[in-house]
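Counting starts at 1 for both ligands and their atoms, following the listed order. It should be emphasised that the depicted structure is a prediction, and the values quoted were computed from it without experimental measurement. When reading the values below, keep in mind they use all heavy atoms of this one structure, side chains included, and skip hydrogens, waters and symmetry mates.
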Amino acid sequence: MKIEAITLREIHMPLVHFFETSFGRTHSRRILLLTVHCDGVNGWGECVAGEDPFYSSEWTDSCWSVITRYLAPSLLGRNLEAARDCAALFAFAKVRGHRMAKAALENALWDAEAKQKGLPLWQLLGGKRSEIACGVSIGIQDSIEQLIDKIQLELAAGYRRVKIKVKPGWDVNVLEKIRSRWADITLSCDANSAYTLDQVEHLRGFDQFNLLMIEQPLWDDDIFYHSRLQKELRTAICLDESIVSNRAAAVAAETAACRIINIKVGRVGGFSEAKKIHDVCHSRKIPVWCGGMLESGVGRSHNIALSTLENFSLPGDVSASRRYWKEDIIDPEVQVSGQGMIKISDQAGTGYRIKEDMIEKLTTRKETLRAVA
Ligand code: OSB
Ligand code: MG
């Protein structure tokens, strides 16, 4: 695959409903989309960084900058055997971190490779499933009543797991209300690092709710203290933010810092690293599931492909386009069956067509970098 040019676009898309986590509320997304132009084939990738450096240190503008200055130049004009070779070129360019920016490029190359080989992306990744199970992540609301109404709607739609966002003041009180209404639903919660080890007693209070997991209760960069906390809790800890590489996953397994891991392809630097984490977890019998970052259809279709790998045995935060957008930028939009499943397409590439006209209209900045001839 000869990389002839790379196009960056920023698109603006308002969310159907705001999304609030322990670090803040998002009303509208500023999404960085990438297109890699290789031998007449275009591969698409989405950078999942947020509008602010709150979930991680990356954000839309840091990604734009590191891609245009460092990452794109390290790829332009190169002839790659496969998309997976791109990690080595980023390492050669000596760029540390900036995993979401790297992932956007690497994943666009996987998309191009799949199209070039005429293979479904999920097969190229080594997937095994013909459909995937879906859960929903529901943000902090203005009132508990509103949250209950939302859960009601998602359960009626067929979703197989409900995860709510928690923070001090919006946790035990809320879980109590949910459990008194629905004693048996598969329920989990995500703290996005809202607690500290001083709150072990409080966190032990979560044990009474029979949760599938509590996601990232402590610091975003911590594994060690999660292993201390896990010993104190009956509820399984799931790590999100702190699993940035397959080594981090191995450390988490060896220190028993969690019993479940959430894989976000952007957080870990791309499909190659995501596959490695999947394998590390598989060999250590740690189930994984695919996390979400309020993606547009481009990133969503990549999450779907990744979720077909064998050890993605728990429902992911991969849900229907309509939960986020009035109109998505792919055709067909991502649809979830009444049984809470997404059917996997057998077409080459992702199986979803990119609506380029719509993207053009949503674009607020665009830049194309070309290989010097
Ligand atoms: O921690 O999983 C998270 C969204 C933004 C940042 C962090 C997270 C989330 C979600 C949303 O939970 C999942 C989704 O895309 O529906
Ligand atoms: Mg999370």
Side-chain angles (χ1 to χ4, degrees), residues 13 15-31 46-60 99-100 103 132-141 147 150-151 153-154 157 159-167 170 187-195 211-222 226 236-244 252 258 260-268 288-304 306-307 314-325 328 334 336 340 342:
M13 291 177 79
L15 287 164
V16 167
H17 189 272
F18 67 78
F19 190 82
E20 183 173 328
T21 65
S22 60
F23 54 76
R25 198 175 265 199
T26 306
H27 292 271
S28 183
R29 300 284 339 272
R30 281 176 62 204
I31 298 171
E46 173 168 346
C47 179
V48 303
E51 295 65 44
D52 303 291
F54 299 164
Y55 165 81
S56 79
S57 61
E58 293 185 85
W59 59 302
T60 313
R99 292 183 177 85
M100 292 178 179
I132 61 163
C134 311
V136 286
S137 172
I138 307 183
I140 294 165
Q141 307 294 316
L147 178 67
K150 289 217 139 189
I151 294 174
L153 282 173
E154 306 296 12
Y159 286 101
R160 293 176 165 244
R161 182 222 66 204
V162 170
K163 146 177 152 186
I164 65 156
K165 293 290 185 176
V166 291
K167 64 176 182 182
W170 180 274
L187 181 65
S188 63
C189 69
D190 185 357
N192 289 111
S193 308
Y195 302 92
L211 301 175
L212 179 61
M213 69 190 94
I214 174 171
E215 196 177 330
Q216 200 74 32
L218 306 177
W219 307 275
D220 66 290
D221 62 350
D222 170 76
H226 279 95
I237 291 177
C238 168
L239 290 178
D240 173 348
E241 282 88 331
S242 40
I243 305 301
V244 296
C258 61
I260 298 173
I261 284 178
N262 148 342
I263 299 181
K264 288 180 181 167
V265 67
R267 185 192 71 223
V268 307
V288 303
W289 53 277
C290 184
M293 290 291 285
L294 312 176
E295 288 91 346
S296 79
V298 175
R300 198 164 296 281
S301 67
H302 288 182
N303 289 344
I304 292 169
L306 181 67
S307 303
L314 294 168
D317 281 348
V318 184
S319 55
S321 298
R322 54 180 294 192
R323 294 189 63 247
Y324 307 83
W325 319 113
D328 204 343
V334 174
V336 173
I342 295 174

### Task
Go through the steps for Trp170 and Gln141 under the test side-chain contact (heavy atoms from CB on, under 4.5 Å), then give the verdict.
CA-CA 9 Å; Trp170 180 274; Gln141 307 294 316; 4.2 Å; yes
### Query
Going through the distances and angles, do Thr26 and Arg29 end up as a side-chain contact (heavy atoms from CB on, under 4.5 Å)?
CA-CA 7 Å; Thr26 306; Arg29 300 284 339 272; 4.2 Å; yes
### Task
With side-chain contact (heavy atoms from CB on, under 4.5 Å) as the test, would you mind laying out the steps for Asn262 and Glu215 before giving the verdict?
CA-CA 8 Å; Asn262 148 342; Glu215 196 177 330; 3.0 Å; yes
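At a heavy-atom cutoff of 4.0 Å, ligand 1 is contacted by no atom of Thr21, backbone or side chain. For Asp190, every heavy-atom contact with ligand 1 shorter than 4.0 Å involves the side chain, none the backbone. Contact annotation for Asp240 and ligand 1: only side-chain heavy atoms (C-beta onward) come within less than 4.0 Å of the ligand.
The nearest N, O or S atom of Asp317 is not closer to the Mg ion (ligand 2) than 2.8 Å.
In summary, Asp317 and Lys264 do not engage in a salt bridge, as defined by a charged side-chain N under 4.0 Å from a carboxylate O. Between Glu20 and Lys165 there is no salt bridge, since no side-chain nitrogen of the basic residue lies less than 4.0 Å from a carboxylate oxygen of the acidic one.
No other N/O/S atom of Asp190 lies as close to the Mg ion (ligand 2) as OD2 does. Sorting the N, O or S atoms of Glu215 by how far they are from the Mg ion (ligand 2) puts OE2 first. Looking at Asp240 and the Mg ion (ligand 2) together, the shortest N, O or S contact belongs to OD2.
Considering only non-hydrogen protein atoms, atom 12 (O) of ligand 1 sits nearest to Ser137 OG, 2.9 Å. When only non-hydrogen protein atoms are considered, atom 13 (C) of ligand 1 lies nearest to Gly292 O, 3.5 Å. The protein heavy atom nearest to atom 2 (O) of ligand 1 is Lys264 NZ, 2.9 Å. Of the protein's non-hydrogen atoms, Asn192 ND2, 2.8 Å is the one closest to atom 1 (O) of ligand 1. For atom 6 (C) of ligand 1, the nearest protein heavy atom (residue, atom name, distance) is Met293 SD, 3.7 Å.
Between the choices Phe54, Tyr324, Phe19, the shortest heavy-atom distance to atom 16 (O) of ligand 1 belongs to Tyr324.
Judged purely by distance below 3.5 Å, without hydrogens or angles, the side chains of Ser56 and Glu241 never pair a donor atom with an acceptor atom.
Note that OG of Ser242 is 8.0 Å distant from CZ of Arg267, once rounded to the nearest 0.5 Å. In this structure, His226 NE2 and Ile243 CD1 are separated by 9.0 Å, a value rounded to the nearest 0.5 Å. Note that the OG atom of Ser307 and the CD1 atom of Ile342 stand 7.5 Å from one another [nearest 0.5 Å].
Under a 4.0 Å criterion applied to the non-hydrogen atoms of Lys165, ligand 1 contributes the atoms 1 (O), 2 (O), 3 (C), 8 (C), 9 (C), 10 (C), 12 (O).
At a 4.0 Å cut-off, at least one heavy atom of Leu294 sits close enough to ligand 1 to count as contact. Using a 4.0 angstrom heavy-atom cutoff, Lys163 counts as in contact with ligand 1.
You'll find the side chain of Ile138 reaches within 4.5 Å of the side chain of Glu154, heavy atoms only.
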